[in-house]
Amino acid sequence: MPRDSSAVLPAAVLFDMDGTLVDTEPYWMRAEREIVAAHGATWTHEDALGAVGQALLTTGTMLRDAGVPLEPAEIVAWLVARVNEQLRESVPWRPGVLELLDELRAAQVPCAIVTMSYRSQAEVVADGAPAGTFAHLVTGDEVTHGKPDPEPYLVAAGLFGARPEDCVAIEDSNPGITSALASGARTLGVPAEVPVPPRPGLNRAASLKQIDLEVLGRIAAGEVVDLLGLSSPA
């Protein structure tokens, strides 16, 4: 049975970045289209959707296999640089993110970014938030096994000295959700570019505008909350 959520807050909230904190998936897709066009390769919108949430070297391999005549690491370096250029022009926060981060900061609930993007990129996003918002960054270039492996979320919980099951992970992609659930973290799926189908133990919402400390407390207490079918501001 779930515990009384009135006294429960997560030990930490672990945020995926692309598609969850910031709406960077269009930035990635633009960069993918540009590198493909530069080399005369073929990359469909369905290919781009298949890359959402994957480790960057996996995306690099996919683009190489699609016809970009570079090594995956070279492709990734180009993509990261191009997306960073776009982020420096504008950090596109997802709806409800800044308000939720304000609530968590006021309640002294620590937060981390857990992303398959590289540290250089996560730092650009973290620097766009109020100072001290994110205590830790766990990035794709600093883990051995990327999402959907549980390692990124296990590392993040460990940085807080917390059990994964005492943390809430927030994700938008199926590889990320698989990673978070496999780590044992209470997991909230909020769709962006791809649907978030129901899974055992998965919490869902249509938007982070639906999420506040009360809902996070319910999730942290073990309740499975599904708000995806409810209307929410975009």
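- T178 places a side-chain N or O within donor-acceptor distance of the main-chain N or O of N174, the cut-off being under 3.5 Å.
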(message) Let's go through L63 and L79 carefully: what are the C-alpha distance in whole Å and the side-chain angles of both, what is the deciding distance for side-chain contact (heavy atoms from CB on, under 4.5 Å) to 0.1 Å, and is it a yes or a no?
(response) CA-CA 11 Å; L63 283 159; L79 294 174; 3.7 Å; yes
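- From E123, atom CD reaches atom CG of N84 across 10.0 Å, with rounding to the nearest 0.5 Å.
- Linking ILVMFWY side-chain heavy atoms closer than 4.5 Å, directly or via other members, places I170 and V155 in two distinct hydrophobic clusters.
- The salt bridge (charged side-chain N to carboxylate O under 4.0 Å, His left out) analysis of residues 127-140, with sequence neighbours excluded, yields no pairs.
- Side-chain contact check for T58 and Q54: no donor-acceptor pair (N or O, by modelled atom type) lies under 3.5 Å.
- For the pair V138 and V143, the tightest heavy-atom approach, listed with the atom from each and the gap, is CG1-CG1, 3.8 Å.
- Clustering ILVMFWY residues whenever any of their side-chain heavy atoms sit less than 4.5 angstrom apart, transitively, puts L227 in the very cluster that holds I219.
- In terms of heavy-atom proximity, L202 sits nearest to P197 at CD2-O, 3.6 Å.
- Proximity of M17 to M116: side-chain heavy atoms (C-beta onward) are nowhere separated by under 4.5 Å.
- Between R105 and P130 the shortest side-chain heavy-atom distance falls below 4.5 Å.
- The backbone N or O of Y27 sits less than 3.5 Å from a side-chain atom of Q86, completing a donor-acceptor pair.
- Separating the SG atom in C111 from the CG atom in L14 is a distance of 8.5 Å, to the nearest 0.5 Å.
- Looking at S179 and P152, their side chains come closer than 4.5 Å, going by heavy atoms from C-beta outward.
- Between Q121 and L87 there is a side-chain heavy-atom pair separated by less than 4.5 Å.
- Listed by first and then second residue, the ring pair (Phe, Tyr, Trp, His ring centres under 6.0 Å) pairs involving residues 143-187 are H136-F160 (not counting sequence neighbours).
- Residue V168 is not grouped with residue L159 when hydrophobic side chains (ILVMFWY) are merged at heavy-atom distances under 4.5 angstrom, including chains of intermediate members.
- The minimum heavy-atom distance linking V224 with N203 is given by the pair CA-OD1, 3.2 Å.
- Heavy-atom minimum distance, V8 versus A220: CG1-CB, 3.4 Å.
- In this structure, R186 CZ and E223 CD are separated by 11.0 Å, a value rounded to the nearest 0.5 Å.
- Sorted by first and then second residue, the salt bridge (charged side-chain N to carboxylate O under 4.0 Å, His left out) pairs with a member in residues 41-70 form an empty list; sequence neighbours excluded.
- Note on residues 130-142: pairs passing salt bridge (charged side-chain N to carboxylate O under 4.0 Å, His left out), not counting sequence neighbours, are R119-E142.
- Taken together through direct or relayed side-chain contacts under 4.5 Å among Ile, Leu, Val, Met, Phe, Trp and Tyr, L101 and V124 form part of one hydrophobic cluster.
- Looking only at distances, no side-chain donor or acceptor of K209 sits under 3.5 Å from a matching main-chain atom of E99.
- Within the 4.5 Å cutoff, the side chain of V76 has heavy atoms near those of the Y118 side chain.
- Partners of E74 according to the salt bridge (charged side-chain N to carboxylate O under 4.0 Å, His left out) rule, which considers only residues two or more places apart in sequence or in another chain, do not exist here.
- In this structure, L181 is not a member of the same hydrophobic cluster as V52, with clusters built from ILVMFWY side-chain heavy atoms closer than 4.5 Å.
- Contact of the I177 side chain with the V196 side chain is registered, since non-hydrogen atoms from C-beta on lie closer than 4.5 Å.
- Atom CG of L188 sits about 6.5 Å away from atom CG of L208, to the nearest 0.5 Å.
- Checking T133, D212, L216 one by one against L104, the side-chain contact (heavy atoms from CB on, under 4.5 Å) holds for a single residue, L216.
- Within the 4.5 Å cutoff, no side-chain heavy atoms of F15 are placed close to those of E171.
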(request) Test R199 against R204 for side-chain contact (heavy atoms from CB on, under 4.5 Å), laying out the working first. (result) CA-CA 10 Å; R199 298 197 204 181; R204 301 192 302 165; over 6 Å; no
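- Distance check, rounded to the nearest 0.5 Å: OG1 of T24 to CZ of R94 gives 9.5 Å.
- Looking at every heavy atom in both residues, E32 comes nearest to A48 through OE1-CB, 3.6 Å.
- Across T139, D16, T20, L137, a single residue satisfies side-chain contact (heavy atoms from CB on, under 4.5 Å) together with I113, and that is L137.
- Under the side-chain hydrogen bond (donor to acceptor under 3.5 Å, both in side chains) criterion, E151 pairs with no residue, sequence neighbours left out.
- Nearest heavy atom pair, residue I211 against residue A205, reads CD1-CB, 3.8 Å.
- The shortest side-chain heavy-atom distance between W28 and D18 falls under the 4.5 Å cut-off.
- One N or O on the side chain of Q210 and one on the backbone of S207 form a donor-acceptor pair closer than 3.5 Å.
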